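Comments concern the structure below.
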Amino acid sequence: MHHADVVIHNAGQLVTCASRGKPKLGAELQDVGIIENGSVALTGGTIAGVGRSQDIAREFKAEINIDAQRKVVTPGFVDCHTHIIYAGDRLNEFELKIKGTDYLEILNNGGGIISTVRHTREASLEELVEQSRERLDKMLAFGTTTAEVKTGYGLDTDTEMTMLKVIEELDRSHAIDLVPTFLGAHAIPPEFKENADDYVNLICGEMLPKAWEWYLTTYFFTNNTPFFADVFCEKNAFDFQQSKRILNAAKALGFGIKAHVDEFTNLGGSRLAIGLDAVSIDHLDMISDEEIQLLANSETVGIVTPTVNFNFGSSEFADARRMINSGCAIALSTDFNPGSAPCPSQPMAMAIACRYQKLLPSEALNAATVNAAFAVGLGAMTGSIEAGKHADILILDCDDYREIAYEFGGNLVRTVIKKGEIVSKQKFPSPEFNF
Ligand code: NIG
Ligand code: FE
């Protein structure tokens, strides 16, 4: 008999999303690894045992027992693409878009990302920490236990470095584990509008080396959390050659590679990033059939962000169905940001992916958990309920996991456990479950 700190027992469905050490591809995405009447034992923040309740009861004696009868237990969500460090809002732009103005046109006229840059440059580190913490609190309540977070609203060396420090402070003081991404190449700042190549020089010659120096001093580095560099390869942002220079410079320093590609325009960014062994390529609305094949034959994960299309009121979405059928590893994110996706909820992203991208609830759940963990380089640590991984676990108030994507606009997540600790609780309707 082993000792455990906590056993969650008798789950109606224990949904493991177990993946045998790699992202799920093709038909594997339809298997969420359900154990009916399952239990999971947690020790020292780690998963010690997973199995049928009668087997776990024989193997583990726990100090705390949590009854999950008629409940669904899943891995915590991994939100693999977010931009939650910013000041200000984009409410005026929301109305402009409703009236028909185009997102890239707003950006080109000094609005959009650039308007958030203005507010973010004016904010102090403390203000950014407090405002961004509230966004993390919302994400946690919706079940996110790990999140990738990008810079990219500073676009000058000082503010970009401040954003990195905000990510570091929030990782230290908030339950959600963060993965930092440097996105100095998010937009061309107004002071470089007429000479974008000089901004690319600044990114390659000063910003990336400084950011890497910072990383080496952080807990992220000592803890083996990767540090990524990203670029918005898009019309009115960074063209193919500029993106190539930035990603090559980042790779030479040691960064993992991510790229915003094919969101509105295909500039060849997918091929470029896959060729650089990117950990993920993100958005993929305009990806070509040939590039889908390249993605399928690579180790790169394709991250889709259907919240953006939903937010734009669009009926066109990245063809995730085709990508899965072609054998690509697909992950799902909220892309939480003030402009294109003000959405803290991975279940909402799943709900949209099922309806508009024709993913099954099983595929959406794997994409928002285990595949998303691989998309941020943490597939060995989190994203599924498997022995040895972090005890990042949700208890949901439903008896069939498909309800997570079926319901929208609500929140079925009742208990969030991060590294073995209960970090968020909402009341169950029936009092017997309010442990
Ligand atoms: O992923 N596409 C570029 N970046 C974000 C949007 C950021 C913003 O509009 O503030 C995205 O959609
Ligand atoms: Fe993004």
Side-chain angles (χ1 to χ4, degrees), residues 79-94 96-97 101-121 128 131-132 135 147-155 159-160 163 179-189 228-239 243 246 257-267 269-270 273 278-287 301-314 316-318 331-344 349 352 372 375-376:
D79 199 341
C80 50
H81 177 143
T82 81
H83 310 246
I84 56 158
I85 316 292
Y86 62 86
D89 63 57
R90 301 264 282 278
L91 293 166
N92 293 339
E93 177 183 327
F94 179 50
L96 280 176
K97 283 190 308 224
T101 318
D102 174 71
Y103 177 83
L104 289 181
E105 189 185 322
I106 295 171
L107 176 61
N108 204 32
N109 293 332
I113 296 172
I114 297 302
S115 91
T116 302
V117 169
R118 276 196 297 275
H119 288 107
T120 305
R121 283 178 176 177
L128 289 171
Q131 293 178 27
S132 309
R135 299 174 193 128
E148 184 259 14
V149 180
K150 299 175 197 295
T151 69
Y153 293 119
L155 310 187
T159 317
E160 286 292 311
M163 291 187 74
V179 180
T181 294
F182 180 79
L183 180 58
H186 195 190
I188 313 288
F228 294 103
D230 191 346
V231 58
F232 188 21
C233 181
E234 182 58 62
K235 192 174 122 202
N236 296 349
F238 296 85
D239 67 21
S243 301
I246 293 162
I257 299 299
K258 287 179 167 280
H260 283 68
V261 293
D262 303 330
E263 183 173 356
F264 304 100
T265 324
N266 186 330
L267 298 182
S270 286
V279 172
S280 74
I281 54 174
D282 305 37
H283 286 288
L284 312 180
D285 297 72
M286 307 306 285
I287 192 169
V301 178
I303 297 180
V304 291
T305 60
T307 47
V308 172
N309 312 66
F310 175 82
N311 182 60
F312 290 159
S314 169
E316 310 227 331
F317 286 76
L332 196 54
S333 75
T334 62
D335 196 1
F336 191 1
N337 76 72
S340 70
C343 174
I352 301 169
V376 297

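In listed order, ligands and their atoms are each counted from 1. Remember, it's a predicted structure, so these values are computed and weren't measured experimentally.
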Vertex the Fe ion (ligand 2), arms to H81 NE2 and D335 OD1, rounded to 10°: 80°

Rounded to 10 degrees, the angle NE2 of H83 makes with NE2 of H260 at the Fe ion (ligand 2): 100°

Could you check [atom] against the protein and tell me its nearest heavy-atom contact, residue, atom and distance included?
{"atom": "atom 4 (N) of ligand 1", "value": "H186 NE2, 2.8 Å"}
{"atom": "atom 12 (O) of ligand 1", "value": "S340 OG, 2.6 Å"}
{"atom": "atom 5 (C) of ligand 1", "value": "H83 NE2, 3.6 Å"}
{"atom": "atom 10 (O) of ligand 1", "value": "Y153 OH, 2.6 Å"}
{"atom": "atom 2 (N) of ligand 1", "value": "E263 OE1, 2.6 Å"}
{"atom": "atom 11 (C) of ligand 1", "value": "D335 OD2, 3.1 Å"}

So, [X] and [Y]: side-chain donor and acceptor under 3.5 Å apart, yes or no?
{"X": "T181", "Y": "D230", "value": "no"}
{"X": "D335", "Y": "T307", "value": "no"}
{"X": "H260", "Y": "H81", "value": "yes"}

About how many Å separate [atom2] of [Y] and [atom1] of [X], when rounded to the nearest 0.5 Å?
{"X": "L155", "Y": "L183", "atom1": "CG", "atom2": "CG", "result": "8.0 Å"}
{"X": "L284", "Y": "T305", "atom1": "CG", "atom2": "OG1", "result": "8.0 Å"}
{"X": "N236", "Y": "N108", "atom1": "CG", "atom2": "CG", "result": "4.0 Å"}

F264 and D285, any side-chain heavy atoms less than 4.5 Å apart: no

Check ligand 1 against [X] and write out every atom of the ligand that is under 4.0 Å from a heavy-atom position of the residue.
{"X": "H260", "value": "1 (O), 2 (N), 3 (C), 4 (N)"}
{"X": "I113", "value": "7 (C), 8 (C), 9 (O), 10 (O)"}
{"X": "R90", "value": "8 (C), 9 (O), 10 (O)"}
{"X": "H283", "value": "1 (O), 11 (C), 12 (O)"}

Test item, T116 contacting ligand 1 (heavy atom, 4.0 angstrom): no

Ligand 1 contacted by H81 (non-hydrogen, < 4.0 Å): yes

Y103 and ligand 1 - part of the residue with a heavy-atom distance under 4.0 Å: side chain

Residue of the set E93, R90, R121 for which side-chain contact (heavy atoms from CB on, under 4.5 Å) holds with T116: R90

Atom CZ of F94: over 12 foreign heavy atoms under 6.0 Å: no

Heavy-atom pair with the smallest gap, counting every atom of C343 and T334: O-CB, 3.2 Å

